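Step one of this worksheet: look at the structure below.
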Amino acid sequence: MKIYDKEIYKKEQNIKSIVLVIVVFLLGFFTGFVVNNPSKKVEQNQVENNTVIENTVQNENE
């Protein structure tokens, strides 16, 4: 009498692979969110805009 059941093993492997795909997706999603954080982009744009304005003002004064 076998204790090993092929159907249970296949279901277990499917569940493990689904969980692995979900974990990898969430890691990628959060990594992308941290890298492309909208509040940092706004700060960068303000700094770039200030730099451009300062350069323009300096050029006009010179």
Side-chain angles (χ1 to χ4, degrees):
M1 187 164 145
K2 287 186 175 181
I3 299 175
Y4 174 75
D5 189 9
K6 289 182 182 181
E7 289 181 24
I8 293 175
Y9 180 75
K10 285 182 182 180
K11 288 180 183 179
E12 181 181 335
Q13 292 302 317
N14 285 338
I15 291 172
K16 285 182 181 180
S17 60
I18 290 171
V19 169
L20 179 66
V21 168
I22 291 172
V23 167
V24 169
F25 172 78
L26 290 175
L27 283 173
F29 179 79
F30 287 120
T31 302
F33 182 75
V34 168
V35 169
N36 294 324
N37 195 353
S39 64
K40 287 185 179 181
K41 281 189 174 182
V42 170
E43 291 174 9
Q44 286 177 346
N45 286 339
Q46 289 175 351
V47 170
E48 289 174 3
N49 287 341
N50 289 340
T51 304
V52 171
I53 291 170
E54 289 173 4
N55 287 340
T56 304
V57 171
Q58 288 177 356
N59 289 337
E60 288 176 2
N61 289 336
E62 290 177 356

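All heavy atoms count here, side chains included; hydrogens, waters and symmetry mates do not. Everything quoted here is computed from the prediction, not taken from an experiment.
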Result of checking Val21, Ile15, Ile22 against Ile18 for side chain to side chain contact (heavy atoms under 4.5 Å, CB included)
Ile22
In sequence, state the C-alpha distance, the side-chain angles, and the governing distance for Lys16 and Glu12, and then conclude on salt bridge (Lys or Arg N to Asp or Glu O under 4.0 Å).
CA-CA 6 Å; Lys16 285 182 181 180; Glu12 181 181 335; 3.4 Å; yes
Looking at OG1 of Thr31 and CG of Asn36, how far apart are the two atoms once the value is rounded to the nearest 0.5 Å?
11.0 Å
Are Leu26 and Phe33 connected in a single hydrophobic cluster, I mean Ile/Leu/Val/Met/Phe/Trp/Tyr linked by side-chain heavy atoms less than 4.5 Å apart?
no
Please answer: with hydrophobic residues joined when any side-chain heavy atoms are less than 4.5 Å apart, are Val19 and Leu27 in the same cluster?
yes
Please determine whether the number of non-hydrogen atoms from other residues, nucleotides or ligands lying under 6.0 Å from atom CD of Glu7 exceeds 12.
no
